[in-house]
Enquirer: 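Before anything else, here's the structure in question.
What you see below is based on every heavy atom in this structure, not just the backbone, and it leaves out hydrogens, waters and symmetry mates.
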Amino acid sequence: MTAQHPLAADALSPLSVDRHWTWRLMPGDFGFAIDAPSIPILAEEFAPIARSYPIVFAAKDPSPLAILGLGGTNLFVTAWDESTTVAADDPVAKPASDVALASHYIPAFVRRYPFGFLQAPDGRLVLGIHEDCARVRKNGDDGEALFVDGKPAELVRRALAFCEAFHTSAATTMAFVAALEERGLLVDRQADIVLADGRKLGLTGFRIVDPDRFQALDGPTVVEWHGKGWLALVHHHLASLDQWRALLRWQSNHGATSPITAAKAEDPVTPELVPTEG
C-alpha cells in the first residue's frame, strides 16, 4: 500500500505569469479524488480524521494516511460533494472550521488541489498547478483569473499561503513519525476483510502503532511527547482504527447513499488487523 494517487506532486507544473497569465479556474467538485482510496494527512488533522476514517502509516515512507476505500476507489467523494463545493475563488474549499463540521472531514491534501509545492532545480519550493485539472481554463472570461495585470490574483495568493502552511505542518508531521520509528512503535499489519456477502478483501503494506509498545514508553518520553502533543496523536490514531467497521460496511453496501446510512446496516462485516507474514 502506497500513497500513489492522481494528486501526486510529479504531476505539478510551476505556476508562472509567462505561461499562465490567461488561465482561469472554474468551480468544481471532488471527482478528481475518486481514484485515491488513501490520502496523506497532517498531524493537526488526526482528531477530525479519526472521527471518519481509519488512520494508518504507509509501510515505506511512512506517511500517515487516511483510508477512504478499498479496491482502488474513494468512497467519500459523493459525501464531500454534498457537504461543500470547491469554489473557483477558494482553493481550500471552505474555512477549516466549516470543513471540520462537514459530515466527513475533507483532508487538506485534497483541499489544496489543483495547487501544490514542487522543488525547483536550485532547491527552492515553488507553487505549482495541475495543468490537466478539469477546472482549469486556458482562456476566456469564465471562472477566476490566476493573474491580474501581470501579478498573482487573490486566488493564487491564498493558494500560496495554504501550501506554505501545509508544508510547515508536513515537516511537523514527519518529526512525529520519525519519533515513532525511533522508538520502534510502528508494526506491519495487513487487513483481512470478510464482507457481508462473503467476499474477501485484503489490504497490505501499512503499519500501525503497537498499543503494548506505546503503553511501555518510559516516563521522560511520555512527558516529552505530552508537551509536543504526540501522545494525543497516537490516541487519535488508535481510536481511528474503530472506523474500519463503518468503512467496510459501506464498502459491502456500496449502493448506500452515504457512509452514514451504510454504517447503520445490520449486515455483519468482519475486519481483522493481523501481523504481516514474512
Enquirer: Roughly how far, to the nearest 0.5 Å, is CD of Glu44 from CG of Leu233?
Expert: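 Between atom CG of Leu233 and atom CD of Glu44 there are 10.0 Å.
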Enquirer: Please round to the nearest 0.5 Å and tell me the distance separating atom CD of Glu131 and atom CG of Leu15.
Expert: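 The CD atom of Glu131 sits 9.0 Å away from the CG atom of Leu15.
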Enquirer: Measuring only between side-chain heavy atoms, which start at C-beta, is Val110 closer than 4.5 Å to Trp80?
Expert: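 Yes. Closest side-chain heavy atoms under 4.5 Å.
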Enquirer: How long is the straight-line distance from CG of Leu127 back to OG of Ser13, given to the nearest 0.5 Å?
Expert: 11.5 Å
Enquirer: State which residues pass salt bridge (Lys or Arg N to Asp or Glu O under 4.0 Å) with Arg213; sequence neighbours excluded, sorted by chain then number.
Expert: none
Enquirer: Hey, does Leu68 have a side-chain heavy atom less than 4.5 Å from the side chain of Leu75?
Expert: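 Not in contact.
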Enquirer: I'd like to know if Asp218 and Arg183 make a salt bridge, using a cut-off of under 4.0 Å between side-chain N and carboxylate O.
Expert: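 Counted as a salt bridge, because a side-chain N and a carboxylate O are separated by less than 4.0 Å.
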Enquirer: Any chance you could lay out the side chain to side chain contact (heavy atoms under 4.5 Å, CB included) test for Arg189 and Asp210, step after step, and finish with the verdict?
Expert: CA-CA 10 Å; Arg189 286 292 183 268; Asp210 184 284; 4.2 Å; yes
Enquirer: In Å and rounded to the nearest 0.5 Å, what is the CZ to NE2 distance from Arg51 to His236?
Expert: 8.0 Å
Enquirer: Would you mind reporting whether Pro107 and Ile49 have side-chain heavy atoms less than 4.5 Å apart?
Expert: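 In contact.
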Enquirer: Would you say Val148 and Leu160 are hydrophobically clustered, going by side-chain heavy atoms of ILVMFWY under 4.5 Å?
Expert: no
Enquirer: Quick one: closest heavy-atom pair of Thr173 and Ala43, and the distance?
Expert: OG1-N, 2.8 Å
Enquirer: Got a second to check how far Phe117's CZ is from Leu12's CG, nearest 0.5 Å?
Expert: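 With rounding to 0.5 Å, CZ (Phe117) is 11.0 Å from CG (Leu12).
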Enquirer: Got a donor-acceptor contact below 3.5 angstrom from the Asp29 side chain to the Gly31 backbone?
Expert: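 Side chain of Asp29 to backbone of Gly31, a donor-acceptor pair under 3.5 Å: yes, one is there.
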Enquirer: Output, in order, the C-alpha distance, side-chain angles, deciding distance and verdict of side chain to side chain contact (heavy atoms under 4.5 Å, CB included) for His235 and Phe214.
Expert: CA-CA 10 Å; His235 286 300; Phe214 175 59; 3.7 Å; yes
Enquirer: Does any non-hydrogen side-chain atom of Leu185 lie less than 4.5 Å from one of Val234?
Expert: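 No; the side chains remain at least 4.5 Å from each other.
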Enquirer: Step by step, work out the side chain to side chain contact (heavy atoms under 4.5 Å, CB included) result for Phe46 and Phe176.
Expert: CA-CA 12 Å; Phe46 272 40; Phe176 164 64; 4.1 Å; yes
Enquirer: Determine the minimum heavy-atom distance between Ala145 and Ala153, stating which atoms define it.
Expert: O-CB, 3.3 Å
Enquirer: Are the side chains of Arg24 and Asp142 in touch, meaning some heavy atoms are under 4.5 Å apart?
Expert: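 They are not in side-chain contact.
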Enquirer: Closest heavy-atom contact between Pro114 and Arg135?
Expert: CD-NH1, 3.8 Å
Enquirer: With side chain to side chain contact (heavy atoms under 4.5 Å, CB included) as the test, would you mind laying out the steps for Phe30 and Asn74 before giving the verdict?
Expert: CA-CA 10 Å; Phe30 293 102; Asn74 180 346; over 6 Å; no
Enquirer: Should the ring pair Trp230 and Trp225 be called parallel, tilted or perpendicular, given that the plane angle runs from 0 to 90° and is split at 30 and 60?
Expert: perpendicular
Enquirer: Looking only at atom types and distance, does a side-chain atom of Glu181 sit under 3.5 Å from a main-chain N or O of Leu186, one as donor and one as acceptor?
Expert: no
Enquirer: Tell me the closest heavy-atom pair linking Leu238 and Val209, and the distance in Å.
Expert: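 Shortest heavy-atom separation between Leu238 and Val209 comes out as CD2-O, 3.6 Å.
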Enquirer: If a pair satisfies salt bridge (Lys or Arg N to Asp or Glu O under 4.0 Å) and one of its residues is in residues 166-177, list it, with sequence neighbours excluded.
Expert: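 Checked against salt bridge (Lys or Arg N to Asp or Glu O under 4.0 Å) - neighbours excluded - no pair reaches residues 166-177.
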Enquirer: Could you check, using the six-membered ring where one of them is a Trp, whether Phe32 and Tyr113 have ring centers closer than 6.0 angstrom?
Expert: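 Yes, close enough.
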Enquirer: For residues Val177 and Ser63, determine if any side-chain heavy atom of one lies less than 4.5 Å from a side-chain heavy atom of the other.
Expert: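 A side-chain contact is absent here, since even the closest heavy-atom pair is not under 4.5 Å.
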Enquirer: For a quick test of reading the model, state the closest non-hydrogen atom pair linking Phe57 to Ile208 and the distance between them.
Expert: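 Closest approach of Phe57 to Ile208, heavy atoms only: CD1-CA, 4.4 Å.
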Enquirer: Keeping to residues at least two apart or across chains, list the side chain to side chain donor-acceptor pair (under 3.5 Å) pairs with something in residues 115-129.
Expert: Asp122-Arg124
Enquirer: For Leu42, is there any backbone N or O sitting under 3.5 Å from a side-chain donor or acceptor partner on Glu45?
Expert: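 Answer holds: yes.
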Enquirer: Heavy atoms only: give me the nearest Phe162-Ala108 pair and the separation to one decimal.
Expert: CE2-O, 3.7 Å
Enquirer: Just verifying a value: how many Å separate Arg112 CZ and His167 NE2, rounded to the nearest 0.5 Å?
Expert: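 One gets 11.0 Å once the value is rounded to the nearest 0.5 Å.
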Enquirer: Report yes or no: does Tyr53 contribute a side-chain atom to a donor-acceptor pair with the main-chain N or O of Tyr105 at less than 3.5 Å?
Expert: yes
Enquirer: Can you tell if the side chain of Leu65 reaches within under 4.5 Å of the side chain of Pro40, non-hydrogen atoms only?
Expert: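 Yes; the side chains approach each other to less than 4.5 Å.
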